[in-house]
Amino acid sequence: MGICRLEWQSQSDRNGFYRWWWWATGSVGKTKLLNEQCDPSDGSDLSVIPLYGKCSPFNPPKPDSWLDTVINMASKDPARVKYLSTLVAQKTTAVPIASGQQVLNIGNYVVRVKIGTPGQLMFMVLDTSNDVAWVPCSGCTGCSATTFSPNTSTSYGLLDCSLPQCTHVRGLSCPATGTAACSFNQSYGGDSSFSAHLVKDSLGLAKDIVPDFAFGCIDSISGGSIPPQGLLGLGRGPMSLISQSGALYSGVFSYCLPSFKSYYFSGSLKLGPVGQPKNIRTTPLLKSPHRPSLYYVNLTGVSVGQVQVPIAPEYLAFNPTTGAGTIIDSGTVVTRFIQPVYTAIRDEFVKHVKGPFTTIGVFDTCFDATAEAQAPLITLHFEGLSMKLPMENSFLHTSAGNRACLAMAPVPNNVNAGMNVIANLQQQNHRILFDVINSRLGIAREACN
């Protein structure tokens, strides 16, 4: 039975900006210093690094404040939410390249993995709402300098159109007959695209090995938004890491994300049932045939302080046929509600907080920070449990500290999916447990340090 445990740490530099880094210690590992974690030498660590982190190999921009950081990250949310709404069930027959293209959105974290035999180090975007993994391969046109080299791996193999894995790939391009390579095309971030073919090889996660892991080997890239070293999916579809790992992780994983405000903090991602919390309240994990990769939950209501917000049940109801309802997602930054739900929450919130209210970036409910002490807390009610959001999960502050913003937003106007998204900022300092086999999701308050 495998288990990987990933640790998060942070420190503040001389300008007062937080620097983040993530690493895996294994079940009995010990934490190490920053420099050691950016370049582990013992081969036992599985590093997970936020895109804006100090150890990121991708040279991310350095924002002026945490509010700016979140605004920058949340600016990608509309494209991501629109993408999530397009994750409709795939037909088993091949579809033309053009109609099969999908618009993805970059995730917030990258995971340190090794692919092939011997293992080749790659930093891949980690995403709980995507399934098929893909990495740039040697000879790729338009890719970064770091690519996977199939020729040097003794466990590498091609997958052709006759195999069942090929039917689960979006943007598929296969002939009606024959055994041609399983090729596919996807667009990414609105201004970029790539072409790839489906292959298999060993996937190394810390000391665990997932043999014959199927993923896309990228042949060419157009545009500048493709994650330089690929993407690794933790979705619930048949091509995700959780599905392909089978008995190794038994369909179970959990994470605890640290708060932006912590001076020193850590967090963890645990793969497999070993070491998971025993006493944790759970809510059913729901599944939509319309969007089978997403993790749906039954959101039954929202409270602002002691007031249950009046929300028409149809705005929260799960509809497996249309995919309407509420999902838990690691790649969206701030929680998004469909407009009627968000408006009802905001209208109740402003009754309890002294204005005036202004808009900063995606946040339209910003107020004088001196009124924050009187601001009511938000509680999300799910079937079987309630998640009361602490202040750090509910409000963000400007660099000067004089304005606070309610850290939620409406679903973009161009998304007509009836889907609410519980995002990573609201999940911070909570243990979020995914038990896919038993169709349950656990939520518990946990200080990630």
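Keep in mind that what you see is a predicted model, and the values were worked out from it rather than measured.
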A.B. asks: Donor-acceptor check, side chain of Ser245 to backbone of Leu248, threshold 3.5 angstrom: yes or no?
C.D. replies: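 Not confirmed, Ser245 side chain does not pair with Leu248 backbone.
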
A.B. asks: Is there side-chain contact between Leu203 and Ile115, with at least one heavy-atom pair below 4.5 Å?
C.D. replies: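 In contact.
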
A.B. asks: Roughly how far, to the nearest 0.5 Å, is NE2 of His197 from CG of Leu159?
C.D. replies: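 Leu159 CG to His197 NE2: 9.5 Å, rounded to 0.5 Å.
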
A.B. asks: Please lay out, stage by stage, how Ile311 and Leu316 fare under the test side-chain contact (heavy atoms from CB on, under 4.5 Å).
C.D. replies: CA-CA 8 Å; Ile311 300 172; Leu316 299 177; 4.0 Å; yes

A.B. asks: Got Arg281 and Arg440 here, is their nearest side-chain heavy-atom distance under 4.5 Å?
C.D. replies: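 When only atoms from C-beta onward are counted, Arg440 and Arg281 do not touch, as no gap falls below 4.5 Å.
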
A.B. asks: Please step through side chain to side chain donor-acceptor pair (under 3.5 Å) for the pair Asp131 and His168, ending with a clear verdict.
C.D. replies: CA-CA 9 Å; Asp131 296 328; His168 301 299; over 6 Å; no

A.B. asks: Using 0.5 Å steps for rounding, measure from the CG atom of Leu231 to the CE atom of Met122.
C.D. replies: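 Answer for the CG-CE pair, Leu231 versus Met122, is 11.5 Å.
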
A.B. asks: Return the orientation label for the Tyr255 and Phe434 ring planes: parallel under 30°, perpendicular over 60°, tilted otherwise.
C.D. replies: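 Plane angle between 30° and 60°, so tilted.
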
A.B. asks: When you measure from the side chain of Thr332 to the backbone of Val334, do you find a donor-acceptor pair of N or O atoms at a distance under 3.5 Å?
C.D. replies: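 Absent.
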
A.B. asks: For the backbone of Gln428 and the side chain of Asn393, can you confirm whether one donor and one acceptor N or O come within less than 3.5 Å of each other?
C.D. replies: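 Looks like yes, one N/O pair under 3.5 Å.
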
A.B. asks: If you compare all heavy atoms of Asp201 against all heavy atoms of Thr117, which two are closest, and at what distance to 0.1 Å?
C.D. replies: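 Where Asp201 meets Thr117 most closely, the heavy atoms are OD1-N, 4.2 Å.
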
A.B. asks: Answer with yes or no after comparing the ring centroid distance for Phe184 and Trp134 against a 6.0 Å cut-off, counting only values under it.
C.D. replies: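 Not under 6.0 Å, so no.
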
A.B. asks: Strictly distance-based, threshold 3.5 Å: is any side-chain N or O of Ser153 a donor or acceptor partner for the main-chain N or O of Pro150?
C.D. replies: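 The answer is no, because no donor-acceptor pair under 3.5 Å joins these two groups.
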
A.B. asks: Quick one: closest heavy-atom pair of Gln229 and Leu121, and the distance?
C.D. replies: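 Taking every non-hydrogen atom into account, OE1-O, 4.4 Å.
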
A.B. asks: Would you say that Met239 contacts Gln244 through its side chain, given a criterion of any heavy-atom pair below 4.5 Å between the two side chains?
C.D. replies: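 Counting from C-beta outward, Met239 and Gln244 do come under 4.5 Å.
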
A.B. asks: Taking Thr283's backbone N and O only, do any of them form a donor-acceptor pair with Asn298's side chain (distance below 3.5 Å, no angle check)?
C.D. replies: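 Absent.
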
A.B. asks: Between Ser149 and Gln120, is a side chain to side chain donor-acceptor pair (under 3.5 Å) present by the stated rule, with each step listed?
C.D. replies: CA-CA 8 Å; Ser149 178; Gln120 300 174 41; 4.9 Å; no

A.B. asks: What heavy-atom pair brings Thr335 and Ile422 nearest, and what distance separates the two atoms?
C.D. replies: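 The pair with the smallest heavy-atom distance is OG1-CA, 3.7 Å.
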
A.B. asks: Do you know the tightest heavy-atom contact between Ser202 and Ile209?
C.D. replies: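 Of all heavy-atom pairs spanning Ser202 and Ile209, the closest is CB-CG2, 4.1 Å.
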
A.B. asks: Measuring from Cys405:SG to Ile360:CD1, what's the distance to the nearest 0.5 Å?
C.D. replies: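 That separation rounds to 4.0 Å.
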
A.B. asks: Val421 versus Gln426: any side-chain heavy-atom pair under 4.5 Å?
C.D. replies: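 A side-chain contact under 4.5 Å is absent here.
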
A.B. asks: Taking side chain as C-beta onward, heavy atoms only, is Ile432 less than 4.5 Å from Ile443?
C.D. replies: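 Side-chain contact under 4.5 Å: yes.
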
A.B. asks: Could you tell me whether the side chain of Ser243 and the main chain of Gly237 form a donor-acceptor pair under 3.5 Å?
C.D. replies: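 Between the backbone of Gly237 and the side chain of Ser243 there is a qualifying donor-acceptor contact (under 3.5 Å).
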
A.B. asks: Please check if the side chain of Thr322 supplies one atom and the backbone of Ala324 the other of a donor-acceptor pair under 3.5 Å.
C.D. replies: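 Side chain of Thr322 to backbone of Ala324: a pair is present.
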
A.B. asks: Pair Leu285, Val297 - check side-chain contact (heavy atoms from CB on, under 4.5 Å), show working.
C.D. replies: CA-CA 5 Å; Leu285 264 181; Val297 289; 4.3 Å; yes

A.B. asks: Would you say that Asn429 contacts Glu446 through its side chain, given a criterion of any heavy-atom pair below 4.5 Å between the two side chains?
C.D. replies: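 Answer no - side chains too far apart.
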
A.B. asks: Would Val302 and His381 satisfy side-chain contact (heavy atoms from CB on, under 4.5 Å), going step by step from the backbone distance to the final call?
C.D. replies: CA-CA 6 Å; Val302 179; His381 302 288; 5.5 Å; no

A.B. asks: With under 30° as parallel and over 60° as perpendicular, where do the rings of Phe318 and Tyr296 fit, or are they tilted in between?
C.D. replies: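 Correct class here is tilted.
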
A.B. asks: Please confirm whether the backbone N or O of Pro320 pairs with a side-chain atom of Ser288, one donor and one acceptor, at under 3.5 Å?
C.D. replies: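 Checking the backbone N and O of Pro320 against the side chain of Ser288, a donor-acceptor pair under 3.5 Å is found.
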
A.B. asks: Between atom CD1 of Ile218 and atom CD of Gln186, what is the distance when rounded to the nearest 0.5 Å?
C.D. replies: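 Rounded to the nearest 0.5 Å, the CD1-CD separation comes to 9.0 Å.
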
A.B. asks: Tell me, please, which residues at least two apart from Arg445 pass salt bridge (charged side-chain N to carboxylate O under 4.0 Å, His left out).
C.D. replies: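 Listed in chain order: Glu392.
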
A.B. asks: Please evaluate residues Asn420 and Tyr342 with respect to the criterion side chain to side chain donor-acceptor pair (under 3.5 Å), reporting the C-alpha separation (whole Å), side-chain torsions for both, the decisive distance (0.1 Å), and the verdict.
C.D. replies: CA-CA 10 Å; Asn420 305 297; Tyr342 175 76; over 6 Å; no

A.B. asks: Consider only side-chain N and O atoms of Arg236 and Ser293, and report whether a donor and an acceptor are under 3.5 Å apart.
C.D. replies: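 Side chains of Arg236 and Ser293: no pair found under 3.5 Å.
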
A.B. asks: Could you report the tightest heavy-atom contact between Pro277 and Arg431, atom names first, then the distance?
C.D. replies: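 Answer, listing the atom of Pro277 first, then Arg431: CG-CG, 3.9 Å.
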
A.B. asks: Side chains of Tyr156 and Phe148, heavy atoms from C-beta outward: is any pair under 4.5 Å?
C.D. replies: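 In short, these two side chains touch, coming nearer than 4.5 Å.
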
A.B. asks: Does the Cys166 SG fall under 2.5 Å from that of Cys161?
C.D. replies: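 Cys161 does not pair with Cys166 as a disulfide (SG atoms not under 2.5 Å apart), so no.
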
A.B. asks: When rounded to the nearest 0.5 angstrom, what distance separates OG in Ser183 from CG in Asp219?
C.D. replies: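 So the gap between those two atoms works out to 7.0 Å.
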
A.B. asks: Can you tell me if Ser195 and Ser220 form a side-chain donor-acceptor pair at under 3.5 Å?
C.D. replies: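 Indeed, the side chains of Ser195 and Ser220 share at least one donor-acceptor pair under 3.5 Å.
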
A.B. asks: Show the nearest heavy-atom pair for residues Val341 and Tyr315, with the distance to one decimal.
C.D. replies: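 Of all heavy-atom pairs spanning Val341 and Tyr315, the closest is CG2-CB, 3.6 Å.
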
A.B. asks: Do Ser144 side-chain atoms and Pro228 backbone N/O form a donor-acceptor pair below 3.5 Å?
C.D. replies: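 Between the backbone of Pro228 and the side chain of Ser144 there is a qualifying donor-acceptor contact (under 3.5 Å).
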
A.B. asks: CZ/Phe337 to CG/Leu299 distance, rounded to the nearest 0.5 angstrom?
C.D. replies: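 It comes to 6.0 Å.
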
A.B. asks: Do Asn424 and Ser330 pass the side chain to side chain donor-acceptor pair (under 3.5 Å) test, and can you show the C-alpha distance, the side-chain angles, and the key distance before you say yes or no?
C.D. replies: CA-CA 5 Å; Asn424 60 38; Ser330 68; over 6 Å; no

A.B. asks: Does the disulfide (SG to SG under 2.5 Å) test come out yes or no for Cys217 and Cys137, once each step is laid out?
C.D. replies: CA-CA 6 Å; Cys217 192; Cys137 289; 1.8 Å; yes

A.B. asks: Please list all pairs passing the ring pair (Phe, Tyr, Trp, His ring centres under 6.0 Å) test where one or both residues lie in residues 216-235, with sequence neighbours left out.
C.D. replies: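 Found none.
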
A.B. asks: Could you give me the CA-CA distance, side-chain angles and deciding distance for Val362 and Arg336, then say whether side-chain contact (heavy atoms from CB on, under 4.5 Å) is met?
C.D. replies: CA-CA 11 Å; Val362 300; Arg336 301 273 178 157; 4.0 Å; yes

A.B. asks: In terms of ring plane angle, is the pair Tyr295 and Phe253 parallel, tilted or perpendicular, where the classes change at 30° and 60°?
C.D. replies: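 Because their plane-to-plane angle is over 60°, the rings of Tyr295 and Phe253 count as perpendicular.
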
A.B. asks: Does any N or O in the side chain of Ser240 come within less than 3.5 Å of the main-chain N or O of Gly235, such that one atom is a donor and the other an acceptor?
C.D. replies: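 Answer holds: yes.
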
A.B. asks: So do Phe363 and Leu396 actually touch side chain to side chain, heavy atoms under 4.5 Å?
C.D. replies: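 Leu396 vs Phe363: side chains touch.
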
